[in-house]
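Indexing begins at 1, ligand by ligand and atom by atom, following the structure's order. Computed over heavy atoms, backbone and side chain alike; hydrogens, waters and symmetry mates excluded.
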Amino acid sequence: MTCPLLYRFRVIDRLPEEPSPAATRGTVVHAALERLFDLPAAARTPEAARDLVEPEWLRLLAEEPELGRLFAAAADADAEAAQIAEFLAGARGLVDAYFRLEDPTRLEPAERELRVETSLESGLALRGYVDRLDVSPSGELRVVDYKTGKAPGEGFEAKALFQMRFYALVLWRTHGRVPSMLKLLYLGSGVEVTYSPDERDLRATERKIEAVWQAIARSHETGDWRPNPSRLCDWCDHRALCPAWGGTPPPLPAAALPGVAAEGSVDDAADEAPSPSTPADEV
Ligand code: SF4
């Protein structure tokens with residue numbers, strides 16, 4: 001939806017991207033908030049949540065040692081330790097911000113980091129991860145998504161709403177019930193955005209997803225993956241290969257040459273790209 005060429009670089013060429021401190025901090029904060037609900041309700045204090053930050057960072061670093069490169073430019077070991085301390089302090093600040101939006105001692109999530117997947121009537125598969133799913137005693141669903149950046153500025157709400165509708169559509173298809181509420185918690189600015197979808201909205205979302213997929217399929221058929229320059233380019237790792245910036249893309253992999261049928265699936269990648277108004281929010 002933002003840039004066909006960026007889609008190609010990420011999904012077809014699978015070009016590596018440099019880890020960013022903002023995205024990594026977001027992953028650590030998500031993990032700490034997920035683990036917070038392992039504790040008994042009364043123990044879910046801000047102090048307990050802050051204490052989860054460093055172990056989650058170390059666990060992530062053990063799983064993805066390349067994240068160590070984030071601080072590799074530090075002049076010496078002391079400077080590196082100072083940078084890591086600042087990074088962790090930033091994550092703890094976001095965890096603190098969470099407590100200004102919700103009281104986790106009063107919540108018992110039904111699911112955390114829930115993988116959701118469904119297929120539309122056309123056969124197109126949709127997949128995504130829901131940060132948290134709350135289910136009321138009467139069976140009503142509330143989807144909660146944590147954003148570690150700031151709330152989108154004017155004109156950029158549509159992207160966040162589309163992501164929420166995407167989740168709602170997949171849950172409607174898998175649970176047979178339209179979620180009664182979708183809630184986005186923007187920890188970077190302490191703002192909560194809620195949205196109550198209905199079936200009409202979700203049918204429109206389904207048509208939009210199908211239209212995006214048709215556009216992707218056309219690009220597969222023609223080999224035409226156009227750059228769509230925007231403020232997003234400021235955070236794009238692939239400018240050196242982008243014609244909009246004087247670069248030349250690599251040849252398409254053989255499996256993606258024009259005429260080779262595309263496999264139909266859409267992952268919710270909305271979180272992975274920063275919106276122009278929230279460059280720090282990559283998760
Ligand atoms: S630099 Fe901009 S136009 Fe080029 S691929 Fe990246 S986002 Fe698209």
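Both L120 and V116 belong to a common hydrophobic cluster when Ile, Leu, Val, Met, Phe, Trp and Tyr are linked at side-chain heavy-atom distances under 4.5 angstrom.
A donor-acceptor pair under 3.5 Å is formed between the side chain of Y167 and the backbone N or O of Y129. Side-chain N or O atoms of S219 include one that pairs as donor or acceptor with a backbone N or O of D224 at under 3.5 Å.
Comment: R50 engages E47 in a salt bridge, judged by a side-chain N to carboxylate O separation of less than 4.0 angstrom.
Exactly one residue among W245, F9, W225 makes a ring-ring contact (aromatic ring centres under 6.0 Å, His included) with H238. That residue is F9.
Closer than 2.8 Å to atom 4 (Fe) of ligand 1 sit the protein N, O or S atoms C242 SG.
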Can you list, pair by pair, the side-chain donor-acceptor contacts under 3.5 Å of residues 64-92, counting residues two or more places apart and other chains?
residue	atom	partner	partner atom	Å
R69	NH2	E18	OE2	3.1
D76	OD1	D78	N	3.1
D76	OD1	A79	N	2.8

